[in-house]
Amino acid sequence: MLTLGIETSCDETACGIVDHELNVLANKIFTQEEYHRRHGGVVPEIAARAHLEKINDVVQSAIDSAGISAEDIDLIAFTRGPGLIGPLLVGASFAMGMGSMLGKPAKGVNHLEGHLGAAYLNCKALSPPFICLTVSGGHTEICLVQNHFKYQIIGKTRDDAAGEAFDKCGKILQLGYPAGPIISKLAKNGNRDFIRFPQGMNMKNNFEFSFSGLKTAFLRKMSEISEDVKKKHLNDICASLESAIVEILVKKTIRAAHKNACSKVVVCGGVSANHYLRQRMQEDCTKQNLNLIIPELAFCTDNGAMIAAIAQLRENQHIFPIRTQVKPSLSWND
Ligand code: KG4
Ligand code: ZN
């Protein structure tokens with residue numbers, strides 16, 4: 001059985017194909033970064049139009065690179081939310097049109113669950129219970145997963161998402177969009193103790209996060225130091241910022257695993273591509289005897305293979321209701 005996954009929730013036009021054992025046959029992504037860079041963030045209308053322009057080519061190139069024909073596909077999955085309404089509608093319409101043309105089902109999946117699907121591509125035997133930290137540009141949430149496809153949110157951000165914190169602080173430094181990967185690169189050689197930035201909700205004995213205070217503190221600090229110092233210590237500033245974001249993510253996730261007697265931790269979403277987060281999470285999981293599962297880099301940020309993966313997993317377990325309505329504010333169990 002072959003499943004094709006279409007992802008268009010934000011600014012990536014993506015298509016992946018997996019087989020019933022979750023082997024990835026193709027994973028093609030057209031990233032719209034160039035379209036949005038000069039605006040400093042994603043412009044929904046521009047994103048929707050770019051998806052419309054590119055989706056046919058991206059899907060065709062995934063089919064070609066898998067060495068199959070469209071008729072070989074058994075199931076078409078698409079992201080139905082959360083995300084931007086225009087971009088979601090483009091992916092959903094394309095998937096449903098393709099489904100009716102081929103006489104195959106088209107089913108909507110949850111983007112957040114899709115990120116978790118990426119973890120199954122690396123670790124096919126992954127099974128609940130586990131703690132799942134999802135960190136992306138729009139979400140920062142810790143879920144307790146006690147059964148397949150049942151998610152108990154035990155903590156989330158009260159304001160900005162972790163990826164958003166990277167991007168907003170990067171904008172202050174005029175690093176370009178998205179700033180997360182750029183900060184990550186610059187931070188590699190930096191002094192993490194150069195500036196002590198606040199870690200929101202650090203003293204609170206819960207699993208909630210807050211990153212808006214960090215952004216304000218960052219803005220204030222950057223206005224206090226001279227352009228020369230900023231230039232000279234850019235690596236140190238990025239490393240200090242990255243540490244403030246990463247340390248609180250690691251601390252609360254590990255605590256959630258202990259509190260809920262889970263021996264497995266999954267980290268997924270675009271920010272899970274962050275080198276330092278991967279390193280620190282691994283160090284602390286090893287110390288605490290926890291098994292850490294993180295998708296490989298190609299499957300961390302938005303992609304079609306993760307959408308195909310979670311669809312295939314649901315299909316294999318016969319828990320895949322047909323839902324086609326797009327919903328920008330979809331949450332975990334919707
Ligand atoms: O999951 P994703 O591709 O899209 C959403 O669903 O939001 O995540 C994108 C977010 C952006 O905020 C981006 O800056 C961040 O993930 N990101 C990173 C890295 N790669 C992507 N943040 C820090 N370090 C990275 N290496
Ligand atoms: Zn995402």
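Just so it is clear, the values below take in all heavy atoms, side chains as well, and ignore hydrogens, waters and symmetry mates. When a ligand or atom number is given, it counts from 1 through the structure's own listing order.
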Notebook entry, point to check: Are a donor atom and an acceptor atom from the side chains of D74 and H20 found within less than 3.5 Å of each other?
Noted result: no
Check: Any chance the side chains of N206 and K252 put a donor and an acceptor closer than 3.5 Å?
Finding: yes
Check: Side-chain donor-acceptor pair under 3.5 Å between D159 and S210, yes or no?
Finding: yes
Next item on the list: Show your working on ring pair (Phe, Tyr, Trp, His ring centres under 6.0 Å) between F78 and F94 and close with a plain yes or no.
Entry: CA-CA 9 Å; F78 63 89; F94 188 92; over 10 Å; no
Check: Between the side chains of Q312 and N316, is a donor N or O closer than 3.5 angstrom to an acceptor N or O?
Finding: yes
Check: Regarding K251 and N202, is there a side-chain donor-to-acceptor distance under 3.5 Å anywhere?
Finding: yes
Next item on the list: Less than 2.8 Å from the Zn ion (ligand 2) is the window; count the protein N, O or S atoms in it.
Entry: 3
Note to self: Between Y177 and H36, is the ring centroid distance below 6.0 Å?
What the structure shows: no
Next item on the list: Measure the acute angle between the ring planes of Y120 and F130, then classify it against the limits of 30° and 60° as parallel, tilted or perpendicular.
Entry: perpendicular
Notebook entry, point to check: Got L121 and V18 here, is their nearest side-chain heavy-atom distance under 4.5 Å?
Noted result: yes
Note to self: Please output the residues near ligand 1 using a strict heavy-atom distance under 4.0 Å, listed in chain and residue-number order.
What the structure shows: H111, H115, S136, G137, G138, G163, F166, D167, P178, G180, P181, S184, G270, V271, A273, N274, T301, D302
